[in-house]
Structure formats: C-alpha cells, structure tokens
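Below, chains carry the letters A, B, ... as their sequence lines are ordered, and counting in each starts from 1.
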Protein chains: 2
Amino acid sequence: MTDPAQFRRTDRSLPIALLRARETVMGPIREMLAQSGISEQKWRVLRVLDERGPTEQKVIADEACLLLPSLTRMMQAMEAEGLVSRAASEEDRRRTIVTITDAGRALIAQHAAESNAILARLETRYGARRLDQLFQLLDDLRHLDLDQ
Amino acid sequence: MTDPAQFRRTDRSLPIALLRARETVMGPIREMLAQSGISEQKWRVLRVLDERGPTEQKVIADEACLLLPSLTRMMQAMEAEGLVSRAASEEDRRRTIVTITDAGRALIAQHAAESNAILARLETRYGARRLDQLFQLLDDLRHLDLDQ
DNA sequence: CGATTAAACTTAACATGTAAACCAAAGGGA
DNA sequence: TCCCTTTGGTTTACATGTTAAGTTTAATCG
C-alpha cells in the first residue's frame with residue numbers, strides 16, 4: 001500500500017462529500033420527476049427558462065451547469081417533446097434563443113408543490129441558518145482558481 | 001412566466017452550487033489525470049484500493065460513490081489496462097475481490113505530488129477552518145432523509 | 001430439507017458527461 | 001477590405017450515469 005501520509009485529507013474526501021450531499025438532495029427530486037419521465041437536467045433547464053424568459057443556449061448552459069454538447073442534445077429532445085421552442089437570434093445569427101412552451105410551464109406547475117415539500121423538509125430538518133452557511137461556503141469555494 | 005414565489009430559494013440553487021463547487025475542485029485534478037489518460041472515477045477507485053487493500057466491488061462502489069453497473073464496466077477496462085486484478089471470493093462466491101497492481105500504485109505515486117499541490121492551494125486559500133465547516137455541513141446533509 | 005427471498009454482481013439500453021474537431025457568424029486590427 | 005481570432009453551436013466518439021432485467025450464490029423461512 002502507498003504511504004497514506006502522501007495524501008492530504010481533502011484529496012479523496014471532498015469530491016465524494018459533495019457527490020453524496022448532492023445525492024441526498026436530488027434523490028427525492030429525481031424520484032418525483034421520474035413520474036413525468038423527465039430528467040433532473042431537463043428540469044434544471046425548464047426552471048432556468050421559466051425564471052429568465054427566452055434565453056440563449058450559452059446562458060442556459062452556464063445557469064444549469066451543463067456543457068453545450070449535452071445541452072444541444074437535450075434541446076433537440078425537448079423541442080421534439082414540445083417543452084421548448086427555439087429560434088435563431090436576429091441581432092446575432094450565431095445565437096439560438098430558447099423559449100419555454102405552455103406544456104413546459106405546465107410540467108413545472110405540476111411538480112411545484114412536491115418540490116417545495118421536499119425542500120421544506122430540508123430547511124426544517126437541516127436548519128435555515130446552516131443552509132445559509134453551506135451556500136456561503138460553496139459559493140466561496142466556487143470562486144477559487146486552483147490551477148496555479 | 002410561472003410565479004417566482006412558487007419555489008423556495010433552495011430549489012434551483014443548492015444542486016447547482018454543489019455541482020459548481022465540485023467543478024472547482026475536480027477541474028484541476030481532471031486536467032492532471034488527463035495526462036495519464038485516466039478519468040476522475042478511475043482515480044477514485046485506485047485511491048480506495050490503495051487505502052483499503054483488496055476490496056469487494058460493493059464496498060468500492062460505496063466508497064467511490066459509483067453505481068455497480070458503472071463500476072463493472074470500469075473494472076473490466078482497468079483490469080485490461082493492468083491497473084487492478086480481480087478474483088472471486090472464496091468464502092462467498094458472489095463477491096469479486098479487487099486488488100490494485102504495482103502499475104496502479106505507480107500511477108498513484110506519479111500524481112501524488114501534484115495532487116497535493118492542488119489541494120494545498122485549496123487549504124491555504126480557502127482556509128482549514130472553513131474546510132472543516134464545509135465537511136461538517138456536507139456530512140450532516142448527507143445523512144438527511146428527505147423522502148418523507 | 002426444499003422453496004423463497006435477498007445479495008452481489010452483470011448485462012442491456014438509453015441519457016448525460018467530456019474532449020476534440022468542426023462550422024458559421026461576429027469582432028478586431030493592419 | 002482582408003486576414004485572423006473569437007464566440008456560439010453542433011457533431012462525433014467514447015466514458016460514465018441511471019434504470020430495469022437477468023444470473024448466480026447465500027441466507028432465511030417454513
């Protein structure tokens with residue numbers, strides 16, 4: 001076995017801890033969405049579009065934490081499913097503007113109550129104050145640049 | 001647009017915040033491992049095996065936060081690459097015991113220094129105390145059950 | 001002891017993650 | 001105006017995530 005002291009505590013732990021925490025939060029959400037045959041990722045995209053209105057794909061990718069190739073595929077699928085519509089931008093012909101449809105909004109409305117119930121349990125059991133702390137710590141971590 | 005008030009603050013934010021924080025930490029690690037043509041997931045598996053010695057796949061999956069189908073494929077690839085060896089357990093013929101090879105240990109040793117450098121920057125810039133807080137908060141979150 | 005259930009994988013099928021190559025439109029500088 | 005670079009998207013290829021179904025071996029129950 002390699003000398004255990006050669007690695008720092010955070011090496012293996014932090015990425016795993018983030019994955020596990022994510023699983024706790026998203027597990028119940030995924031179960032809920034599975035009833036509508038929609039993925040966690042598509043749900044994120046719909047939520048972004050609902051909040052922001054018509055949005056170009058680059059911005060959707062940033063907001064929903066997706067890479068453009070993944071988004072491209074999902075957009076094609078979601079357009080076929082009637083959840084969104086797409087059109088080239090007039091000002092900049094490179095950009096594609098995506099808009100949520102009524103069907104997309106209906107899907108969101110359909111799950112709003114249960115989504116809130118799940119997250120209400122989170123706030124109650126975890127505590128609003130600790131949730132604030134966690135958000136702050138995660139946001140600070142995000143803005144680090146560890147490349148050099 | 002759907003009434004923004006219909007959703008709680010945490011709904012869209014928390015999963016994204018976890019994804020982004022993960023990206024900050026794993027981005028540099030992924031770049032490093034890409035030089036050896038190894039994925040973040042295989043790195044996690046090697047680290048688990050190096051720490052624990054010969055381990056059954058179920059335990060590896062739990063420790064490395066992977067599902068068994070993913071692990072099965074990776075094990076077949078990693079065995080072919082000569083990073084691990086596998087054998088059926090004597091006591092329980094259902095179990096497969098995986099052992100890291102010298103080549104696997106060599107790969108770990110090869111990246112130990114840079115891995116530590118990246119994570120030393122994390123501890124320095126983020127702060128050991130905040131890192132402790134973050135670990136604690138993530139671990140508490142992990143143990144919630146939001147299903148009911 | 002036999003039948004049933006559970007556990008540890010494995011396989012298959014499809015969606016998403018990821019990197020690299022490509023394309024067309026926009027910007028910038030000589 | 002003509003490069004040249006950048007940007008937003010797409011495509012391709014392969015790895016991994018995820019669910020469901022199947023297989024073999026253990027454990028449990030009657």
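Contacts between chain B and DNA chain D, taken as any atom within less than 4.0 angstrom of a protein heavy atom, begin and end at D:dT16 to D:dA26.
In the model, A:Asp140 has a side-chain atom that pairs as donor or acceptor with a side-chain atom of A:Gln136 under 3.5 Å. Using modelled atom types, one finds no donor on one side chain facing an acceptor on the other under 3.5 Å when comparing A:Gln76 with A:Arg86.
The side chain to side chain contact (heavy atoms under 4.5 Å, CB included) with A:Thr55 is formed by just one residue from the set A:Thr99, A:Ile60, A:Val45, A:Ile97; it is A:Ile60.
Between C:dA26 and A:Arg94, no contact under 4.0 Å exists linking OP1 or OP2 to a side-chain N or O. Considering only side-chain N and O atoms, A:Arg95 lies nowhere under 4.0 angstrom from the phosphate OP1 or OP2 of C:dA25.
Between B:Lys42 atom NZ and C:dT18 atom C1' the separation is 14 Å, expressed in whole Å. Summarising the geometry, the separation between CE on B:Met32 and C1' on C:dA19 is reported as 18 Å, rounded to the nearest angstrom. Taking atom CG of residue A:Leu19 and atom C1' of nucleotide C:dT16, one finds them 15 Å apart after rounding to whole Å. Computed from coordinates, the B:Ile97 CD1 to C:dA8 C1' distance equals 11 Å when rounded to whole Å. The CD-P distance, from A:Glu56 to C:dA26, rounds to 13 Å in whole Å. Per the geometry, CD belonging to B:Glu40 stands 14 Å off C1' belonging to C:dA19, to the nearest Å. Atom C1' of nucleotide C:dT18 and atom CD1 of B:Ile38 are separated by 16 Å, given to the nearest angstrom.
The backbone N or O of B:Leu68 sits less than 3.5 Å from a side-chain atom of B:Thr72, completing a donor-acceptor pair. Between the side chain of A:Thr101 and the backbone N or O of A:Leu83 there is at least one donor-acceptor pair closer than 3.5 Å. Although no hydrogens or angles enter the test, the distance criterion places a donor-acceptor pair under 3.5 Å between the side chain of A:Arg121 and the main chain of B:Leu146.
For the atom pair CD (A:Glu23) and CD1 (A:Ile16), the distance works out to 12.0 Å, reported to the nearest 0.5 Å. Taken from CG in A:Leu141 to CG in B:Leu131, the straight-line distance is 8.0 Å, to the nearest 0.5 Å. Atom CZ of residue A:Arg44 and atom CG of residue B:Leu19 lie 5.5 Å apart, to the nearest 0.5 angstrom.
In this structure A:Asp62 satisfies the salt bridge (charged side-chain N to carboxylate O under 4.0 Å, His left out) test with no other residue, sequence neighbours excluded. Every residue two or more places apart in sequence or in another chain was checked for a side-chain hydrogen bond (donor to acceptor under 3.5 Å, both in side chains) with A:Gln133, and none qualifies. Not counting sequence neighbours, the partners of A:Arg94 by the salt bridge (charged side-chain N to carboxylate O under 4.0 Å, His left out) test are A:Asp92.
Both A:Leu67 and A:Glu90 sit near DNA chain C, but only A:Leu67 has its closest nucleotide nearer the 5' end. DNA chain C is contacted by both B:Glu23 and A:Asp92; B:Glu23 maps to the nucleotide lying nearer its 5′ end (nearest heavy atom per residue).
Heavy atoms of A:Glu31 sit nowhere under 4.0 angstrom from any nucleic acid atom.
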Anything under 3.5 Å between a protein N or O and an N or O of nucleotides 3-5 of chain C, put it in a table, one pair a line.
none

Atom pairs, protein N/O to nucleotides 10-13 of chain C N/O, distance under 3.5 Å:
| from | atom 1 | to | atom 2 | distance (Å) |
| --- | --- | --- | --- | --- |
| C:dT10 | OP2 | B:Gln57 | NE2 | 2.9 |
| C:dT10 | OP2 | B:Thr72 | OG1 | 3.2 |
| C:dT11 | OP2 | B:Gln76 | NE2 | 2.9 |

